[in-house]
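The structure appears right after this line, and notes come after that.
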Amino acid sequence: MAIVLSRTNPTSVTASTVDERGELVAAPIALEFAKLAAFVAERERAQAAAGAAAERWVWSDSSRWYGDLLNAGVRVQRCHDLRLSHVILRNSTLAAATDFARAAPSDWSRPAEPLTAAVAPVHSALFDLADTMASGRSAVAEDSVAEYRRQLEAIAAVPDAGRLRLLLAAESVGALIAAEMRNAGLPWRTEVHDAILTEELGPRVPYGTRPAKLEALAGRIRNLLGDNTVNPDSPQSMLKALNRAGLMITSTSRWELAEYTHPVIAPLLEYKKRARLLTANGWTWMDQWIIDGRFHPDYVPGGAATGRWATSGGGALQLPRQIRAAVTADPGWKLVVADAAQLEPRILAALSADTSMAAAGRGVDMYAGIVASGVVETRDQAKIAMLGAMYGATTGESGRLMPKLTRAYPRAIRLVEQAARAGERGELVTTWLGRSSAPPGEDWREAQRRASQPGASTAEESRARSRARDWGRFTRNFVVQGSAAEWALCWMAELRKGLLGIEARNPQAPGHRAAASGPVFDRVPHLVFFLHDEIIVHTPAEHAEEVAALVTDAAATSGRLLFGDFPVDFPLGIATVERYSDAK
DNA sequence: CGGTTCTGCCAC
DNA sequence: AAACGTGGCAGAACCG
């Protein structure tokens, strides 16, 4: 049983209970939007009280619907995200033969519009609908029931749809988690952050002016170059000045500068490092993104081409290690920080059923395992070779090590090579659970067409070959990165299930209130951060040990969900800490 | 002047 | 050594 929520007009919502084929089982209920949260809360409560399996909420876009519910203090157990599922189903090669995949694209094929408001409930679905209508985008949805039915039909038409079902479920619960993490926020101590900034840059100064330590470095750079006007923030200005000083560099990038010996190099690199901190995560960033002691990034599930999550605003994908000490648990709380060790190589071993490679990953350090098997001589070599295999490196040390890897792990290497060849031919590739790559763009195809014609110039031919190889590297990586993203989704989904269990067993847990969390998460362990292969749970200290065990169990369960009995391990690095920076 | 592209660097 | 995947972002540089 599922309940499809759809908006009928700016002030009301329809709740339609449907069966497993998406057929209505009762007359739809009309609700005022303002009463939706209470309605959902009551249904969730009643199911929990009855010990029944949770009903699935079906809606167009979890970030909107669930964002609003969370703002109203209401949590749900399960959902089906129509838009995310639509995109997967339409593009998956597993569903290519269905009417659903063959139908013309609709509004459902377009990505959800990004959230714009910070965290406050100013941007509710209610207002969004008005915006949507005003912007001329057809009032979605409101064929949500029909869309759900179409998706269920499509899945039913796919032979052996088990993996695809798992993917849609994982993607949907991922969308719930994304909304929950945004709502809860990452605990952030601005005074710690400020202390780091002051240490690195000098005391805070108004936006647009250089802090003292940066100004001092800029002065040293000017002196050493004998040029009073050079501006270290301007690549053009720096490049000219360095050329005049006899450094025949072609760019001012860090790696090129590091190749030269000159007194100005050290202070310049130091300047760049600190200036980066100021512009990317300085006081301006802090003012803009830290609200009441929490960082609330806007996660975008499925936002990357491979199915990885993207984020928008605040740069959550790139929190520099420099400032991670500011991520600090509330008093009486802990952070459980975990990351999957060498996730992608392990995923590759499982995808290709390469038992030798999986065996090398039996320990916590897969690269050490590869060395122990005598494939290469050092851990560094093992790492470079593996990354090169997954990214498509052809030159340098990585390229030179490839033959050794191919000899030791022929199945794994064959899998990535085949994915690369498919991409070079313009074909689609598909992850373990069924997410397929987009086809190459029209200009890519045009380039290939032109090059294959009789009168093609050598320039056209080489350009086309280069584009083909580029796309091959993308598809090569897609299968591994995308399948790893699926493992991570299942990991988080299992973990969330476990955390809800803790909550259910501790109904009135008094404990310490989390300082800045809203009513939904102020007393319970909850996910606060996710980045490709690592997670952070913010938990009352008394549950930290149990949470850590759940995190570890969830990783093992995810491995079994995806790969059954295939003997591949997914060990974690895991630490229970006060501060993120203490985790590794 | 505002909008777009480029540069360089951060994360996994 | 700077090729080899996925992203986000700020500020400079460029352009009409």
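Throughout, protein chains are lettered first and strands after them, A, B, ... in sequence-line order, and every chain is numbered starting at 1.
Following rounding to the nearest Å, A:Lys273 (NZ) and B:dC9 (P) show an atom-to-atom distance of 10 Å. Residue A:Arg400 contributes atom CZ, which lies 14 Å from atom P of C:dC4 at whole-angstrom precision. Across the protein-nucleic acid pair, A:Trp309 atom CH2 and C:dG7 atom C1' stand 15 Å apart, rounded to whole Å. Across the protein-nucleic acid pair, A:Gln318 atom CD and B:dC10 atom C1' stand 5 Å apart, rounded to whole Å. C:dG5 atom C1' lies 8 Å from atom CD of A:Glu344, rounded to whole Å. Across the protein-nucleic acid pair, A:Asn281 atom CG and B:dG8 atom P stand 20 Å apart, rounded to whole Å. The separation between A:Tyr260 atom OH and C:dA2 atom P is 11 Å, rounded to whole Å. Rounded to a whole Å, the CD atom of A:Gln236 is 14 Å from the C1' atom of B:dT5.
When the nucleotides C:dA2, C:dG5, B:dG8 are ranked by their closest atom to the side chain of A:Tyr391, C:dG5 comes out on top. Counting only heavy atoms from C-beta on, A:Pro235 has its side chain closest to B:dT7 among C:dA10, B:dT7, C:dT6. Considering only the side chain of A:Asp233, C:dA12 comes nearest among C:dA1, C:dA12, B:dC12. The side chain of A:Gln481 sits closest to C:dG5 out of C:dG11, C:dG5, C:dG7. Closest to the side chain of A:Thr395, out of C:dA3, B:dA11, C:dA12, is C:dA3. The A:Phe474 side chain lies nearest to C:dG5 when the options are B:dC12, C:dG5, C:dA2. In the set B:dC12, C:dT6, B:dG8, B:dG8 carries the atom at the smallest distance from any side-chain atom of A:Ser251. Side-chain atoms of A:His532 lie closest to B:dC12 of the nucleotides B:dC12, C:dC4, C:dA10. Proximity note for A:Arg254 (side chain, C-beta onward) versus B:dA11, B:dC10, C:dG7: the nearest is B:dC10.
Side-chain contact between A:Glu397 and A:Asp380: absent, with no pair of heavy atoms (C-beta onward) separated by less than 4.5 Å.
Within the 4.0 Å cut-off from OP1 or OP2 of C:dA2, not a single side-chain nitrogen or oxygen of A:Ser253 is found. Phosphate proximity of C:dC9 to A:Thr279: absent, as no side-chain N or O sits under 4.0 Å from OP1 or OP2.
With C1' as the reference atom, C:dA2 and B:dT7 are 16 Å apart, rounded to whole Å. Nucleotides B:dC12 and C:dC4 are separated by 23 Å at their P atoms, to the nearest Å.
Centroid-to-centroid, the aromatic rings of A:Phe530 and A:Trp491 stay 6.0 Å apart or farther. Aromatic rings of A:Trp432 and A:Phe563 (six-membered ring for Trp) have centroids within the 6.0 Å cut-off, being under it.
Among residues two or more places apart in sequence or in another chain, the ring-ring contact (aromatic ring centres under 6.0 Å, His included) test is passed with A:Tyr299 by A:Trp309.
Scanning all heavy atoms of the two residues, the minimum distance from A:Leu550 to A:Leu499 falls at CD1-N, 3.9 Å.
Among the protein residues, A:Tyr207 comes within range of the sugar-phosphate backbone only, with heavy atoms under 4.0 Å from sugar or phosphate atoms but none that close to a base. Contacts of A:Gly396 with the nucleic acid, taken as non-hydrogen atoms under 4.0 Å apart, are absent. Among the atoms of the strands shown, none is found under 4.0 Å from any heavy atom of A:Gly399.
For A:Arg308 against B:dC12, a side-chain-to-base donor-acceptor contact under 3.5 Å is present.
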